[in-house]
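Have a look at the structure below before the remarks.
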Amino acid sequence: RGSGGRAGSAGRSRGALRRCLRAELLKERTLPALWWTVALTTGAAGLVLWSAHAAAPSGHGYGFQEGTWTWTMVVQGGFLVAGTLVATGEHTSAQGRTTLLVTPVRWRVAVARGAVVAASSLVAAAVLVAAAVSLCPDGWVGAARWAGVRVVAWLVAVALVSAGVGAVVRTTAGALTAGLLLVVVA
């Protein structure tokens, strides 16, 4: 075949990757434990902000940059759990076999899962950080803005690392333990 065969092959490959992306997004959206994780992480983020507001002296403003470390330590646990659940969710049932029967090329599944985890964690982190910075009395001052950008990047990285660990370990408990050691201790 000439170059026409390659162009057709590339088109089929892109179509398969798009289908794989849609399937991974659907799997992520329909995972009940992930919705609980989102709710608990949002609640924990709110509690940390409420605690900071209650501890601040009367009339003293504070910015997000002052409580970034504490807020991030609490919230990153939710991103660690979410990334792990997305990667290990299908290995607890026969869903992994179904995925590989439908899409036998493993790199497509890995790329699609990584893209879905990155995109969804970026959106979730941006929304959480934007809400946290907006609720601080000092608001969007320069230092808070840059602290927010760094926290979003860190939370996305935590979700991706935990998804990678989950893909390697394939059990939720083992992946959470390894991810916790990797992200929090190391």
Side-chain angles (χ1 to χ4, degrees), residues 24-25 27-29 31-89 110-111 113-186:
E24 288 298 320
L25 187 59
K27 280 192 274 186
E28 184 179 275
R29 276 194 350 233
L31 197 60
L34 194 59
W35 289 105
W36 281 105
T37 302
V38 169
L40 291 172
T41 302
T42 304
L47 282 174
V48 170
L49 283 177
W50 174 78
S51 173
H53 184 69
S58 179
H60 177 284
Y62 62 92
F64 180 70
Q65 69 278 7
E66 294 171 13
T68 301
W69 188 85
T70 305
W71 190 86
T72 305
M73 286 300 290
V74 171
V75 173
Q76 78 180 355
F79 282 80
L80 180 78
V81 171
T84 302
L85 286 174
V86 169
T88 62
V111 167
R113 186 172 295 136
V116 167
V117 168
S120 60
S121 62
L122 178 64
V123 169
V127 168
L128 275 174
V129 168
V133 173
S134 297
L135 290 174
C136 289
D138 287 351
W140 289 92
V141 296
R145 185 179 14 242
W146 289 112
V149 169
R150 287 190 307 271
V151 169
V152 167
W154 173 251
L155 293 176
V156 171
V158 166
L160 284 171
V161 165
S162 65
V165 169
V168 171
V169 177
R170 294 186 180 183
T171 62
T172 306
L176 280 174
T177 302
L180 196 63
L181 288 172
L182 202 78
V183 170
V184 176
V185 176

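Quick caveat, the model's predicted, so the values are computed rather than measured.
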Passes side chain to side chain contact (heavy atoms under 4.5 Å, CB included), Glu24 versus Val117? Steps please. CA-CA 9 Å; Glu24 288 298 320; Val117 168; over 6 Å; no
Show the atom names and distances, to 0.1 Å, of all donor-acceptor pairs under 3.5 Å that link a side chain in residues 36-45 to residues at least two apart or in another chain.
| unit_1 | atom_1 | unit_2 | atom_2 | d |
| --- | --- | --- | --- | --- |
| Thr37 | OG1 | Ala33 | O | 2.8 |
| Thr41 | OG1 | Thr37 | O | 2.7 |
| Thr42 | OG1 | Val38 | O | 2.8 |

Using side-chain heavy atoms (C-beta onward) and a distance below 4.5 Å, is Gln65 in contact with Val141? yes
Which residue is it: Leu155, Val161, Val183? I am looking for the one with a side chain to side chain contact (heavy atoms under 4.5 Å, CB included) to Phe79. Leu155
Counting C-beta onward and ignoring hydrogens, is there a side-chain heavy-atom pair between Thr88 and Thr171 closer than 4.5 Å? no
Taking side chain as C-beta onward, heavy atoms only, is Leu49 less than 4.5 Å from Cys136? yes
Could I get the full list of side-chain contact (heavy atoms from CB on, under 4.5 Å) partners for Ser162, not counting sequence neighbours? Leu80, Thr84
Walk me through whether Val185 and Leu180 qualify under side chain to side chain contact (heavy atoms under 4.5 Å, CB included). CA-CA 7 Å; Val185 176; Leu180 196 63; over 6 Å; no
Non-hydrogen atoms of Val165 and Ala175 that approach each other most closely: CG1-O, 3.7 Å
Less than 4.5 Å apart, side chain to side chain, heavy atoms only: is that true for Thr70 and Val48? yes
Testing the basics here: between Ala87 and Ala167, what is the closest heavy-atom pair and its distance to 0.1 Å? CB-N, 3.7 Å
Can you measure from CG (Leu135) to CH2 (Trp50) and round to the nearest 0.5 angstrom? 14.5 Å
Check whether Ser121 reaches the backbone of Ala118 with its side chain - one donor and one acceptor, N or O, closer than 3.5 Å. yes
Hey, does Val151 have a side-chain heavy atom less than 4.5 Å from the side chain of Phe64? yes
Does Ser134 have any side chain to side chain donor-acceptor pair (under 3.5 Å) partners at least two apart in sequence or in another chain, and if so, which? Trp140
List for me each residue that meets side chain to side chain donor-acceptor pair (under 3.5 Å) alongside Ser120, sequence neighbours excluded, and say none if there are none. Glu28
Is the shortest heavy-atom distance from the side chain of Thr172 to the side chain of Leu85 under 4.5 Å? yes
side-chain hydrogen bond (donor to acceptor under 3.5 Å, both in side chains) partners of residues 174-186, not counting sequence neighbours, each pair once: none
Which residues pass the side chain to side chain donor-acceptor pair (under 3.5 Å) test with Gln76, not counting sequence neighbours? Trp154
